[in-house]
Amino acid sequence: MHRSLSAVAAIATLALTTARAAADEVPVPPEVAPSGTAPADPAPVADPAPSPDAGTVIDGASLTTDAADAETTETDAPQNDELSDRAVGAELGVTGGGRVTPGGMRIAGHFIYQLSDVDWFDGAAAFTYGGSEARCFRDRMDEFLCDHGFASGSSFEISASVRRMFAQSGNFRPFARAGIGVALVRYSGDDVSGLAFPLHAGGGIRTRVMPGIAVVVQADVQLGLGLFGHGLGVEPQLGMTIGAGAEFRLR
C-alpha cells in the first residue's frame, strides 16, 4: 500500500513538471485590443531641432553671414558707367601734324546720341591752335611748297563719327570710333588757307567717376585730303590726336 502511494506521488510530480515545461515553451500571444477599440497611437517622435537661420542670436552672437556677403558683393561690384541715350562732353588734347596738316593744342566739344545697343553717334566741333611761323617757299622749279612743323597752323573742324561700345571690364568700358570730318585750315604766317576732309579712326576708354559723369581718354589718327590756295592744290592730310575729357549725361 505504501509503495503504491509513493508511485502515484512520483507520477503526479513528473506530470506536473512536464506540464510546467510545456507551459514555458508556449509563445505568449500579442495583446489584442478588445473589439471596437482603436489601437493605441504610437509614441510621438520628437522633431529635429531647427537649424538657426541667418540673423538668429546664439550665445549673444548674431549670424549675419548672408547680409555681410550681400554687402561685400555690392561693395566689390564694378560701378556701372551709366551709358545714356544722350550726353555732352568736353575734351582737351594735342594734335600732331606736319607740312600742311595742322597741329597743336586741341579743344573739342562732343554731342553723344545713342543709335543702338552698342553704337552711339559722336558729333564733335574741334579747334586746333599751333605755331604761326612761315615755312612755305618756292623751290628752283618755282613750285610753292610748305614744310610746317609738328605743331603748326590752326583749324576748325566739324566731324561725325560712330562710337562702338564694348563690354565693361571692371570700372572701365573701351570703345572704338570711326568717322569723317571737314575742316578749315589756316597758316597765318604764310597766308595759306585750305579746306580738308580727314577720315578719323581710333578708340578710347571711359570710366564713371560719379553719377552722370564719366572721364574719357581717347586717341585717333586722321588721314585725308586738303585743297589749298597759293598753287598748292590737293595735299595729303595725316595727323594724330590724343585727348582726355569728361562727359555729362543728359536726363
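Along the sequence shown, the residues carry numbers beginning at 1.
- Ion pair Asp119/Arg163 not flagged as a salt bridge, since none of the NZ, NE, NH1 or NH2 atoms sits closer than 4.0 Å to an Asp/Glu carboxylate oxygen.
- Residues meeting the ring pair (Phe, Tyr, Trp, His ring centres under 6.0 Å) test with Phe197, sequence neighbours left out: none.
- In terms of the side-chain hydrogen bond (donor to acceptor under 3.5 Å, both in side chains) criterion, Ser132 has no residue partners (sequence neighbours excluded).
- Residues passing the side-chain contact (heavy atoms from CB on, under 4.5 Å) test with Val94: none are found, sequence neighbours excluded.
- Judged as a side-chain contact (heavy atoms from CB on, under 4.5 Å), and not counting sequence neighbours, the contacts of Leu225 are Val234.
- Residues that satisfy the side-chain contact (heavy atoms from CB on, under 4.5 Å) test with Leu223, not counting sequence neighbours, are Leu238.
- Within the structure, salt bridge (charged side-chain N to carboxylate O under 4.0 Å, His left out) pairs that include any residue of residues 224-238 comprise Arg99-Glu235 (at least two apart or interchain).
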**OP:** Output, in order, the C-alpha distance, side-chain angles, deciding distance and verdict of salt bridge (Lys or Arg N to Asp or Glu O under 4.0 Å) for Glu247 and Arg206.
**Re:** CA-CA 9 Å; Glu247 291 181 356; Arg206 75 192 303 273; 3.2 Å; yes
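- Applying the disulfide (SG to SG under 2.5 Å) test to pairs two or more places apart or on separate chains, none has a residue in residues 158-251.
- In terms of the side-chain contact (heavy atoms from CB on, under 4.5 Å) criterion, residue partners of Thr95 (sequence neighbours excluded) are, by chain and number, Arg106, Thr128, Gln222, Thr241.
- Annotation for Val221: hydrophobic cluster partners, listed by chain and number, are Met240, Ile242 (ILVMFWY side-chain heavy atoms under 4.5 Å, direct or chained).
- In this structure Arg86 satisfies the side-chain hydrogen bond (donor to acceptor under 3.5 Å, both in side chains) test with no other residue, sequence neighbours excluded.
- Here the closest heavy-atom approach between residue Cys136 and residue Asp190 is recorded as N-OD1, 3.2 Å.
- Applying the ring pair (Phe, Tyr, Trp, His ring centres under 6.0 Å) test to pairs two or more places apart or on separate chains, none has a residue in residues 88-124.
- Among pairs with a residue in residues 134-161, those fulfilling ring pair (Phe, Tyr, Trp, His ring centres under 6.0 Å) read Phe127-Phe156, Phe144-His230, His148-Tyr187, at least two apart in sequence or across chains.
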